[in-house]
Amino acid sequence: MPVKTVKGTRDIFYPDIEKWRFFEEMARGVLKTYNFKEIITPIFEYTEVFARGIGEDTDIVHKEMYTFKDRKGRSITLRPENTASVVRAYLEHKMYAEGGVKRLFYIGPMFRYERPQKGRYRQFFQLGVEVFGSKSPYVDAETIELVINILEKSGLKGLSVKLNSLGCEKCRPVYRENLKKFLESVKDNLCEDCKRRVDTNPLRVLDCKVPSCKETVKNAPNIQQSLCEECKEHQDRVFHYLETMGVKYEVDPNLVRGLDYYTRTVFEVVSENLGSQNAILGGGRYDNLVKELGGPDTPAFGWALGIDRLVLLLDDNAFDFSNKTIYVIPAGDSIDYCFKVAKSLRESNLPAEVISDSKSLKKALNFVNRQNGRYVIIAGESEAEKGIVVFKDLDKRTQKEIGFEKLSEELKDEIDK
RNA sequence: GUGAGCGUAGCUCAAUCGGAUAGAGCACCAGACUGUGGCUCUGGGGGUUGGGGGUUCAAUUCCCCUCGCUCACCCCA
């Protein structure tokens with residue numbers, strides 16, 4: 001095997017691609033009904049966009065980016081996520097000047113240099129949304145409801161929605177210090193990783209899976225009880241709207257997200273049917289990012305969904321993979337006639353394939369069988385002379401003659417759509 | 001970056017304690033069968049056993065290195 005895909009990347013093709021397209025088209029439809037507009041940003045940006053947008057201290061920026069120098073020596077990075085790029089675009093095109101609320105969605109590949117495993121790839125695909133210009137908790141709730149809607153239309157089971165608030169620039173630092181003090185006092189009971197995190201990312205300790213850490217952290221100060229009045233009020237209203245909208249959720253005070261920019265609402269949807277990479281989407285509010293990147297003070301909310309992981313969960317049985325192609329088979333020197341027939345079918349929006357390379361009718365029929373094909377049209381010399389075709393339904397084991405002119409009309413009754 | 005498991009034909013897998021020309025099923029190609037299908041029968045093409053090195057009279061088998069895949073850790077979608 002001379003050349004292979006790069007580690008952590010893969011080819012996606014039939015039949016899996018059918019599931020991708022189903023999801024993508026369904027999601028686009030839903031997004032349209034919430035008045036989201038698509039944005040396509042470049043898959044690479046100046047490294048600075050991500051370094052500043054995601055946060056220098058995050059793992060993503062630290063060790064997971066595909067960064068290289070272009071021919072002029074500028075540092076370029078393949079996007080590890082898309083929020084930073086969308087914010088950059090929002091600012092570059094001064095979209096804030098329109099006033100009001102801006103709703104954008106994107107869909108496309110992201111790149112992270114990580115060790116691949118189930119549900120985790122170096123090139124993976126995300127569908128995401130960003131809402132700019134609203135600090136209303138209604139936006140938090142509705143944007144979450146939007147993605148729950150998409151998930152429900154995907155037919156997924158065994159999902160749970162986890163919700164938390166990380167506070168704002170006023171209450172978070174206070175909480176962070178209190179937590180740090182607490183963790184220092186119980187440091188001996190923590191795992192090695194967590195001992196390190198006490199300084200680098202104390203909130204992350206709350207989410208550690210090591211049993212001893214879980215136990216230790218049970219008595220840690222709870223962010224839910226440390227929220228300031230405004231944050232508390234915001235969260236209560238998010239809860240209220242979610243309940244009105246019929247979205248079921250659970251509050252998880254230990255939910256922290258890996259990106260620096262989140263404020264207040266954070267959420268995550270996990271599946272019990274994936275491996276250890278069980279988060280299929282995550283997101284939250286980021287009220288300071290736009291300002292930090294040099295824009296006007298603009299509150300924002302967004303989420304990103306892992307399409308690879310979602311497709312992994314889609315039930316094969318929910319898809320019709322049956323072969324609806326009408327195979328057009330020549331007999332004798334009738335390939336010209338076959339094309340006429342196929343053309344006619346295609347004009348009527350019926351999928352047709354001419355079998356031009358088969359040495360015999362028998363072999364052609366054999367081929368169709370192996371393709372799990374059902375419909376065959378024999379368009380041989382004698383049919384061409386009479387201006388008819390022979391239509392066969394291989395499942396029903398029936399065949400009949402149809403006049404060329406009546407082809408699409410008659411087939412509409414025969415073909416199972 | 002760390003750890004574990006696995007790499008044999010296109011696919012799924014065999015190959016005894018280290019032993020002969022590495023086999024089978026499915027798939028593919030051809031014929032029986034020159035205009036009517038899934039069956040059957042016959043024949044055929046396919047492999048540097050992931051790669052490199054070592055031990056041995058002899059390596060798919062044992063050892064080392066390396067690459068790849070998978071899962072887990074870290075982290076995340």
Side-chain angles (χ1 to χ4, degrees), chain A residues 1-10 54 57-65 79-83 107-128 147 191-194 196-197 200-201 204 207-210 255-259 266-271 274-283 302-313 327 329-334 355 357-384 390-399:
Chain A
M1 189 106 72
V3 189
K4 287 174 50 97
T5 51
V6 172
K7 187 188 186 89
T9 68
R10 62 207 178 117
I54 301 168
D57 294 331
T58 59
D59 274 23
I60 291 179
V61 173
H62 222 216
K63 54 182 195 189
E64 294 173 7
M65 295 202 307
R79 61 185 187 190
E81 56 106 59
N82 211 23
T83 297
I107 186 160
M110 309 294 158
F111 306 85
R112 289 184 203 171
Y113 192 94
E114 297 181 275
R115 196 84 151 238
Q117 69 188 73
K118 186 181 172 78
R120 188 168 71 187
Y121 309 97
R122 289 184 171 182
Q123 173 177 277
F124 60 101
F125 291 77
Q126 286 188 331
L127 164 70
V147 74
C191 70
E192 287 308 310
D193 286 327
C194 283
R196 182 172 42 80
R197 288 181 186 129
T200 57
N201 189 358
R204 183 64 185 70
D207 205 27
C208 185
K209 287 163 193 123
V210 177
L255 175 65
V256 294
R257 313 232 68 251
L259 286 64
V266 291
F267 79 108
E268 191 168 276
V269 175
V270 298
S271 165
L274 280 167
S276 70
Q277 305 305 315
N278 63 353
I280 83 169
L281 75 99
W303 49 252
L305 176 154
I307 299 177
D308 307 73
R309 288 180 186 179
L310 187 135
V311 168
L312 223 45
L313 292 169
Y327 292 90
I329 307 176
D333 182 18
S334 68
I355 300 181
D357 293 278
S358 186
K359 291 193 183 115
S360 72
L361 181 54
K362 186 184 176 75
K363 284 191 200 305
L365 288 168
N366 235 313
F367 171 77
V368 175
N369 271 318
R370 288 199 311 271
Q371 301 296 307
N372 290 312
R374 177 170 176 185
Y375 305 113
V376 163
I377 280 178
I378 300 170
E381 284 177 14
S382 60
E383 285 80 8
V390 172
F391 172 79
K392 289 175 72 70
D393 182 326
L394 297 187
D395 283 5
K396 289 189 188 158
R397 303 187 78 91
T398 58
Q399 72 175 51

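Order of the sequence lines fixes the chain letters, A, B, ..., with proteins taken first and strands second; residue numbering starts at 1 for each chain.
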B:rC39 -> Watson-Crick or G-U wobble partner, both distances under 3.5 Å, gives none

Rounded distance (Å) that lies between atom P of B:rC71 and atom CG of A:Leu274
11 Å

Paired to B:rC73 by Watson-Crick or G-U wobble criteria (both distances under 3.5 Å) is B:rG1

When the P atoms of B:rG68 and B:rG51 are considered, how many whole Å apart are they?
15 Å

Donor-acceptor pair under 3.5 Å, A:Arg397 side chain vs B:rG38 base:
yes

Out of B:rU2, B:rC39, B:rG35, minimum distance to the side chain of A:Arg115 belongs to B:rU2

May I ask you to say what A:Gly119 touches in the nucleic acid, namely base, sugar-phosphate or nothing, with a heavy-atom cut-off under 4.0 Å?
base

Nearest-angstrom distance, C1' atom, B:rC67 to B:rG53:
14 Å

Check each of A:Lys118, A:Arg10, A:Arg120 against A:Asp308 using the salt bridge (Lys or Arg N to Asp or Glu O under 4.0 Å) test, and report the only one that passes.
A:Arg10

Return yes if the base of B:rU36 and the side-chain atoms of A:Lys392 contain a donor-acceptor N/O pair under 3.5 Å, otherwise no.
yes

Could you tell me how far B:rA9 sits from B:rA27 if I compare only their C1' atoms? Round to whole Å.
11 Å

Using the P atom on both, measure B:rU56 against B:rC73 and round to a whole Å.
44 Å

If the C1' atom of B:rA58 is compared with that of B:rC17, how far apart are they to the nearest Å?
14 Å

From B:rG38, B:rA30, B:rC75, pick the nucleotide closest to the side chain of A:Glu114?
B:rC75

Using the C1' atoms only, state how far B:rA14 lies from B:rA22, rounded to an integer number of Å.
10 Å

Check: A:Arg120 side chain, B:rC75 base, donor-acceptor under 3.5 Å
yes

For atom CZ of A:Arg122 and atom C1' of B:rC75, their distance in whole Å
14 Å

Is any N or O donor-acceptor pair between the side chain of A:Ser360 and the base of B:rG35 shorter than 3.5 Å?
no

Distance check needed: B:rC75 P versus A:Tyr121 OH, whole Å only.
21 Å

Whole-Å distance between B:rC28 C1' and A:Gln371 CD?
13 Å

Between B:rC71 atom P and A:Gln117 atom CD, what is the distance in whole Å?
7 Å

Between P of B:rG35 and CD1 of A:Ile355, the distance in whole Å:
15 Å

For A:Lys362, answer base if it contacts any base atom (sugar-phosphate contacts may also be present), sugar-phosphate if it contacts only those atoms, and nothing otherwise; contact means non-hydrogen atoms under 4.0 Å.
base

Check this for me: does the side-chain of A:Gln277 come within 3.5 Å of the base of B:rA72 through a donor and an acceptor?
no

